Every structure is written in C-alpha cells, then in structure tokens.
Q: 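Mind having a look at this structure? Questions to follow.
In this text the structure is predicted, and so the values were computed from the model without any measurement.
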Amino acid sequence: MPLDPAPAPAPPPPPVRFWPVDDLPALDPDPFLDEVLREEPVTRIRLAHGDGYAWLVTRYEDVRFVTSDPRFSREEVVGRDVTTMRPVPVASQTAGLQYIDPPRHNRLRRVVARAFTGRSMQRLRPLAEHRAAELLDAMERAGAPADLMEHLHGPFPIAVIRDFLGVDEKDWHRWAETGEALLSAGVESKERAAEAAKATRARIVELLQQRREDPREDLAGVLAQAAASGEITDDEAISLATAIQVSGGHAVRNNSGSMMYALLTHPGHMDRLRREPELLPRAVDELFRYVPHRNGVGIPRVATEDVEVGGQLIRAGDVVYNAYVSANRDPDVFADPDSLDFDRETAAHLAFGHGPHHCLAAIMARMEAEVMIGSVLTRFPAIRLAVPPEEVEFQRQGLIRGPRTLPVTW
C-alpha cells in the first residue's frame, strides 16, 4: 500500500523590511505602501523604534479581516516593546478604549456612544456653523492672502470638541496646548510626553468633578454620570476623555486641511460642489478615502493564535499593523484609486477603521468636514491657493499628516 505523500513544506516567511516612514510631500501616497500592496501585501516590517518585527497588512479585504477577527488583540500590545514609529508607546500614554478587547471594550464603547448620537450632532451642528461663520468673518476682515489653517482648520475643530466635551471657552487654550503636546511629544522626548500626560489628566479630573456637581448633556457629563454609577471606573472615564480630546481636535484639523488642499488643487471638483451643494456629503466621504490621514501606521494588534492572512501564516504572539491608507487605495476594490471621484460607487472606505474599534467620532468628523467645506465655498466662491501647490508646506505631527499652512486668496 503506497504511503501518503508528505505535505509540502510551508513557504518561508517574507524577509523583514525596514520602513523609515519618511515625510512625504502634499498628498502623495507612500511609495513603500504602494510597493508592498502590489508585490507583497502581507509582509514583515521593522520600524525606527522598539523591538523585533511586525506584520504589515495592506489589502482592503485583509485589513477588514484582521480588524474584525477576535484572534487579533489590542490588549496584548500594552506593556510590550514592539517595533513602532515612536520612542514612547502610545499605549503607555492613553491606554483605554483603543487598547482593550471585547467584552470590556463593548462596555466602554456603549457609554461613549451615548454622546455620539444623531441628536447630539443636531445640537452641535448649529454651534459649529456659527463658529465657522465667526472664523471666516475674521479671515475676511484680515484680508487676502490668508492662512486657512490659522483662521479655520486650526481653531474650528478645537472649538467643536470643546463644546462636545463641555470645556468652558475661557479654559480651552490650556487644554489645546496640552492636547497637542500629548499627541506629538512622544516623537520628541519621554519627558515632554510625561509632562503633557500629567497636565491633561489633571484638567480632565477637574472637569469630570465639575460635571458630577453640575450635570450636563456633554461628553464630560456622560462620563461623569457613568463613573458615579459604577458603570465605568474613574480611570476609564479619564482615559476616554483624553483620547477624544486629543484625536477629536487635532486629527480633524489635519484631515480637514488636507481635504481643502485636495479641493484647491482640483478646481473642477470645487466648481462642481458650488453648483451641486447637495453633493457635499458624498464628496466628503470620497475625500476621507482619498486623503492620506496619517504617515505610517497607528495602533498594532497581537495574534492570540496562529492565523492565516492573505496566504501568510501569522503565528501566535506576532504583532500586526493594518495600513488603512493603502487599503483605501486598493485597486481591486477602488477603480483608479489615486483619482478623486465624487461619483464613486464602491465599497466603504476604511478611514475610520473597521470592526469593534471603528471610530465612534466618525459622525462628528463628517459633520465638521461638511460645515468647514460648505462654509468656505459659500463665503468665498472664488477662493484659490495664494501660492503654487508645491509651495504648501505639509507636516507630520505625531502620526498625523496635514498642511502646516494653507495660504489662500479670493
């Protein structure tokens, strides 16, 4: 009787590639991500800091799989020295909703979701529209040329998150300073990161205590009530408020600035939005797909058992990064992915993530983008860049990508 043939040996894992995550001009895609998406969509990488290697997943369907499969854990990252872009792990600064797994994650998410509702956005939108009008009034008085980052994209998201969180306007300048430091300090020094984290925590503790004494419908009120009832701990309330304060103000600033740059460098698209204002929500969604919202990658996961992804065997304990930016440019999902197309009718983009950790603030980020873009196009129908596109300076602030300045005239 013939013996069964021996199983074919598993293919060797791909080599480990060093990814320097260079600063990139304007909205250019990262050539490293383009290369691995085409040639080796599940590959191994080493970043500038930390220990060992990690898997990088770049295809749309593979990213959706990893981000929704419970065998990939964010909790397992906390406390590990993994290869990373930052000398100070983000998990050590803001461990909370983004660094836990279900079922605990579900419990905390349910609490925060009470603040991110259609009703709360209906309450916020008139305030946001009024704030945008005030800021553009001031820009018009200052005269052209003017910097849209200074006059609109910087202060507007901070004002909206201030109203959403429940911080008094007179106190917000202190919050904005520490929030920006918390987001970017890990790139520079452990000392500055520790100082920013300490200052931010102290201000959030103070705000939550105020809301216990003076309940309101803002996010701080929701968190204070949940902590007082024992639904969440005080530390969990502080961590949730910290994450939303930092990402809600500063990520929106850079993302919305990049969106406006995209429109200013696509005048035909801008003209169409003026003619068809009803197209704005759809256009904003396509801009979220098109704009590279970060350099590099964000929060990793750890495989809790052996899992095959895209033909590669990822072993238990291996670290995995998801490249949402490259997934949003996957040509197998998005035809002509490097083009800005307001008539695109394909799968949903992954700019807000996927699965249990899909961004709760997506509803607010969309509202803010619609208000900012709509307000600018209505107030300044002839707005255009005041310098050649290649002279607009972009920055990397922590992990976030966006214009440093955006000079315009009208």
Side-chain angles (χ1 to χ4, degrees), residues 74-75 78 90-91 93-128 130-131 157-176 178-179 182-183 196-252 352-353 355-368:
R74 282 190 170 180
E75 270 184 29
V78 179
V90 178
Q93 299 176 12
T94 58
L97 183 63
Q98 298 197 52
Y99 292 91
I100 58 175
D101 301 324
R104 183 182 168 219
H105 175 270
N106 300 341
R107 175 174 56 83
L108 296 186
R109 190 177 174 95
R110 278 194 300 268
V111 171
V112 180
R114 294 173 196 157
F116 287 102
T117 63
R119 177 183 172 187
S120 66
M121 292 306 106
Q122 289 174 356
R123 177 182 68 84
L124 270 180
R125 188 164 192 135
L127 296 173
H130 177 70
R131 183 57 170 165
I158 292 175
V160 172
I161 200 68
R162 179 197 70 215
D163 292 334
F164 182 69
L165 187 57
V167 178
D168 289 339
E169 185 166 1
K170 62 182 176 60
D171 292 332
W172 185 252
H173 68 281
R174 296 185 301 141
W175 289 69
T178 54
L182 186 63
L183 188 67
K198 183 178 179 180
T200 300
R201 180 183 178 89
R203 285 168 187 161
I204 288 174
V205 168
E206 180 184 3
L207 177 61
L208 293 175
Q209 183 58 42
Q210 290 174 0
R211 284 297 169 271
R212 289 195 177 191
E213 300 166 1
D214 178 22
R216 298 183 190 175
E217 292 186 357
D218 48 42
L219 176 63
V222 168
L223 296 176
Q225 182 180 7
S229 68
E231 191 174 1
I232 61 176
T233 67
D234 288 341
D235 278 345
E236 288 169 341
I238 294 165
S239 178
L240 293 169
T242 301
I244 291 167
Q245 179 218 338
V246 172
S247 61
H250 302 281
V252 171
F352 296 111
H357 287 278
H358 179 270
C359 179
L360 271 168
I363 185 174
M364 187 162 76
R366 285 189 172 96
M367 180 272 287
E368 292 178 85

Q: Locate the shortest heavy-atom distance separating Glu231 from Arg107; write the atom from each residue and the value.
A: O-NH1, 2.9 Å

Q: Taking all non-hydrogen atoms of both residues, which atom of Ala227 and which atom of Arg212 are closest, and how far apart?
A: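 It is CB-NH2, 3.5 Å.
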
Q: A side-chain contact here means heavy atoms from C-beta on lying under 4.5 Å apart; do Leu207 and Leu165 qualify?
A: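 Result yes, sub-4.5 Å side-chain heavy-atom pair found.
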
Q: Measure from the side-chain N and O atoms of Glu75 to the backbone N and O of Tyr99, and report whether any donor-acceptor pair falls under 3.5 Å.
A: no

Q: Is it true that a side-chain atom of Arg211 and a backbone atom of Leu219 form a donor plus acceptor pair closer than 3.5 Å?
A: no

Q: Mark yes or no for whether Thr242, through its side chain, and Ile238, through its backbone, hold a donor-acceptor pair below 3.5 Å.
A: yes

Q: Quick one: does Ile100's side chain get under 4.5 Å of Arg74's, heavy atoms only?
A: no

Q: Kindly indicate whether the side chain of Phe116, heavy atoms from C-beta on, has any atom under 4.5 Å from the side chain of Ile244.
A: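 In short, these two side chains touch, coming nearer than 4.5 Å.
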
Q: Indicate yes or no: does Glu368 engage Arg131 in a salt bridge with an N to O separation below 4.0 Å.
A: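 Salt bridge: no.
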
Q: Measure the CG-CE distance between Leu124 and Met367 for me, rounded to the nearest 0.5 Å.
A: 5.0 Å

Q: For His105 and Pro356, work out which heavy atoms get closest and say how close.
A: CE1-O, 2.8 Å

Q: Is the shortest side-chain N to carboxylate O distance from Asp218 to Arg123 below 4.0 Å?
A: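 No, no charged N to carboxylate O under 4.0 Å.
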
Q: Can you name the closest pair of heavy atoms from Val112 and Leu240 and give their distance?
A: CG2-CD1, 3.7 Å

Q: Looking at side-chain heavy atoms only, is the closest gap between Arg104 and Glu236 below 4.5 Å?
A: yes

Q: Using a 3.5 Å distance criterion without hydrogens, assess whether the side chain of His130 forms a donor-acceptor pair with backbone atoms of Arg125.
A: no

Q: Compare every heavy atom of His357 with every heavy atom of Gln98, then report the nearest pair and how far apart it is.
A: O-CE1, 3.7 Å

Q: Are the side chains of Phe352 and Arg366 in contact, using a 4.5 Å heavy-atom criterion?
A: yes

Q: Yes or no on salt bridge (charged side-chain N to carboxylate O under 4.0 Å, His left out) for Arg119 and Glu217, after CA distance, side-chain angles and deciding distance?
A: CA-CA 11 Å; Arg119 177 183 172 187; Glu217 292 186 357; 3.6 Å; yes

Q: Determine whether a donor-acceptor pair (N or O, by modelled atom type, separation under 3.5 Å) exists between the side chain of Gln209 and the backbone of Glu206.
A: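 Here the side-chain-to-backbone pair does not exist.
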
Q: How would you list, by chain and number, every residue that makes a side chain to side chain donor-acceptor pair (under 3.5 Å) with Asp163, sequence neighbours excluded?
A: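 Result, side chain to side chain donor-acceptor pair (under 3.5 Å) vs Asp163: none returned.
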
Q: Rounded to the nearest 0.5 Å, what separates atom CG in Leu208 from atom CD in Gln225?
A: 12.5 Å

Q: Within this structure, what is the CD1-CE distance for the pair Ile161 and Met364, rounded to the nearest 0.5 Å?
A: 3.5 Å

